[in-house]
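For reference, the structure discussed in these notes is given below.
Every chain is numbered from 1, with letters handed out A, B, ... down the list of sequences.
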Amino acid sequence: MWQFFHKLASPKFFYDFSSRLIFWFSVLTIILMASGLYMGLVEAPPDYQQKDSYRIMFIHVPAAWMSMFVYMVMAVTGAINLIWRIKLADIISMSCAPIGASFTFLALITGSIWGKPMWGTWWVWDARLTSELILLFLYLGYMALRASIEDKTNASRAAAVLALVGVVNIPIIHYSVEWWNTLHQGPTVTKLDKPSIHTSMLIPLLLMAFAFKTYFVSVLLMRARTELLVREFRSSWVKKVLSE
Amino acid sequence: MTRPTTFQACKSLLKRDLTLAFRHRGELANPLLFFIIVVSLFPLGIGPETNILRTIAPGIIWVAALLAALLSLETIFRSDFDDGSLEQMLLSPHPAALLVAIKVFVHWLVSGVPLILLSPLLGVLLQIPEESMLILVVSLTLGTPILSLVGSIGVALTVGLRRGGLLLSLLVLPLYTPVLIFGASAVTNAAFDLPVTAQLYFLAALCVLAITLAPIATAAALRISTD
């Protein structure tokens with residue numbers, strides 16, 4: 001078991017192993033996403049209040065879940081890099097940031113597109129939208145810090161510290177924003193009571209959530225592989241890979 | 001020569017930083033002037049109606065305090081980093097987190113405390129009712145240490161960079177949001193005679209959390225930056 005992890009941390013083994021993983025995760029993503037989208041967009045009945053516009057939820061909710069999840073992955077791999085100085089963990093952590101920022105951005109965009117017909121405006125200072133926005137800022141700060149430190153090792157460690165600070169702060173920010181929102185709830189916003197979700201909508205939602213997860217894994221591994229090649233460009237195995 | 005104890009080291013560091021701050025009084029005044037100017041620009045932009053000003057005053061004062069704290073942050077480690085004394089501090093046998101905490105404390109004394117003392121004056125300018133003035137001062141007293149402590153992590157991460165200033169605001173401002181929310185809402189509530197204990201307790205809790213954890217993170221970040 002441990003031996004497998006040690007082997008995984010070696011760049012060359014990871015490079016070969018991840019190519020197989022990417023294949024299987026991509027296949028899974030296509031299957032899950034196709035079935036999830038079909039069930040969500042075609043089979044699930046329209047909502048009795050929101051009609052068809054609720055269907056954007058099948059993208060919005062998984063994206064929002066992923067935005068938090070990716071940050072956790074980024075922080076945990078960052079901590080692993082900080083403690084055990086495993087280069088591969090840093091590569092994973094680094095590759096997480098743009099993907100997570102994209103998920104956050106997607107959640108924000110879909111949220112505001114959904115908000116236009118529902119709330120009548122593109123943007124509402126809704127608690128969850130606001131904390132997603134702050135999460136996006138945290139991602140951008142992480143990427144900016146990494147970009148501005150030239151030394152790669154120092155950049156990775158500084159970014160890891162920032163990610164850990166962010167992890168401590170995310171729940172605080174999230175709950176304080178939620179608390180703020182209940183106090184400042186504007187009178188124009190009549191937020192519909194969320195009905196408990198029906199199975200015909202829950203199943204495609206879960207399928208989409210899994211599809212986003214597998215999609216994340218495959219894109220993450222792709223990014224990590226590219227970064228690995230860039231960082232190890234001097235080693236012999238990279239030269240061999242590239243000459244093939 | 002005997003080796004100084006940790007307590008002695010802390011005491012001399014405290015004294016040294018205070019002396020340094022005192023010798024550069026001009027630098028300390030700048031963030032305060034900024035605080036006053038920003039706050040007095042808002043009525044010019046919004047209009048002098050008492051009611052509107054009164055509603056937005058807590059938010060304005062708190063946002064201005066946030067920005068003023070951000071401006072003054074750079075000075076915590078900058079000169080020590082440039083002349084190498086920061087490295088000596090990290091190399092010393094005393095716990096780095098403790099020394100960092102002392103430095104942040106001094107920074108709060110010379111930037112946070114004057115800001116707190118000035119805030120009632122700005123409250124008067126923005127028509128904050130007298131009853132909530134005390135809450136404004138209390139909320140700032142609980143909140144400004146958090147600004148210094150959390151900010152010190154950001155400064156520690158960016159101190160080695162040439163153009164760290166803008167980056168610093170990107171790193172630190174999102175982390176300031178909880179303080180802003182609780183601080184401003186305490187003052188708003190006080191103006192309407194609503195209970196404010198919840199907000200103040202939250203601020204106090206955040207303050208304790210920041211005192212416990214931030215120096216450790218800052219020390220770790222400084223070690224990376226001076227590497």
Side-chain angles (χ1 to χ4, degrees), chain A residues 71 75 78-79 81-83 85 90 97 101 104 125 127 130-185, chain B residues 55 59 146 149-186 188-189 192 194-196 198-199 202-203 205-206 209-210 212-214 216-227:
Chain A
Y71 201 95
N81 172 49
L82 208 57
I83 300 166
R85 308 275 165 95
D90 174 51
T104 317
W125 289 97
T130 313
S131 50
E132 280 291 301
L133 183 68
I134 295 173
L135 184 65
L136 182 65
F137 292 152
L138 288 178
Y139 272 119
L140 295 179
Y142 177 92
M143 282 151 71
L145 179 67
R146 210 180 245 282
S148 54
I149 303 178
E150 270 167 38
D151 183 274
K152 284 245 173 188
T153 333
N154 275 354
S156 76
R157 292 167 65 205
V161 170
L162 184 69
L164 287 176
V165 172
V167 159
V168 175
N169 267 283
I170 282 176
I172 299 176
I173 292 172
H174 184 78
Y175 285 107
S176 63
V177 166
E178 213 150 85
W179 188 81
W180 159 79
N181 187 255
T182 51
L183 289 185
H184 287 238
Q185 193 65 273
Chain B
T55 346
I146 311 176
L149 283 161
V150 174
S152 74
I153 306 174
V155 184
L157 286 172
T158 54
V159 72
L161 307 174
R162 250 166 293 134
R163 301 173 56 83
L166 267 177
L167 181 62
L168 179 66
S169 52
L170 187 57
L171 300 186
V172 165
L173 283 178
L175 302 178
Y176 279 174
T177 42
V179 186
L180 174 66
I181 288 172
F182 291 122
S185 110
T188 311
N189 272 17
F192 293 110
L194 293 167
V196 293
Q199 286 91 328
F202 267 116
L203 276 180
L206 288 177
L209 187 71
T212 342
L213 292 183
I216 300 171
T218 308
L222 280 178
R223 283 195 200 284
I224 295 165
S225 285
T226 52
D227 210 9

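Looking at B/Thr158, the atoms closer than 4.5 Å to chain A (heavy atoms on both sides) all sit in the side chain, from C-beta outward. Neither the backbone nor the side chain of B/Leu168 has a heavy atom closer than 4.5 Å to any heavy atom of chain A.
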Identify every side-chain donor-acceptor pair in residues 154-161 of chain A under 3.5 Å, counting partners at least two apart or on other chains, and give the distances.
from     : atom 1 : to       : atom 2 : distance (Å)
A/Ser156 : OG     : A/Asn81  : ND2    : 3.3
A/Ser156 : OG     : A/Thr153 : O      : 2.8
A/Arg157 : NH1    : B/Asp227 : OD2    : 3.0

Under 3.5 Å, which donor-acceptor pairs link side chains of residues 173-184 of chain B to any protein atom two or more places apart or in another chain?
from     : atom 1 : to       : atom 2 : distance (Å)
B/Tyr176 : OH     : B/Leu147 : O      : 2.6
B/Thr177 : OG1    : B/Pro174 : O      : 2.7

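Note that CD1 of B/Ile216 and CG of A/Leu164 are 12.5 Å apart. Values are rounded to the nearest 0.5 Å.
In this structure, B/Leu171 and A/Gly141 approach most closely via the heavy-atom pair CD2-O, 3.3 Å. When all heavy atoms of B/Leu157 and A/Leu145 are compared, the pair lying nearest together is CD1-CD2, 4.0 Å.
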| request: Would you please test A/Ile172 and B/Leu209 for side chain to side chain contact (heavy atoms under 4.5 Å, CB included) and show each step? | output: CA-CA 11 Å; A/Ile172 299 176; B/Leu209 187 71; 3.6 Å; yes
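A 6.0 Å sphere centred on CG of B/Leu194 holds more than 12 heavy atoms belonging to other residues, nucleotides or ligands.
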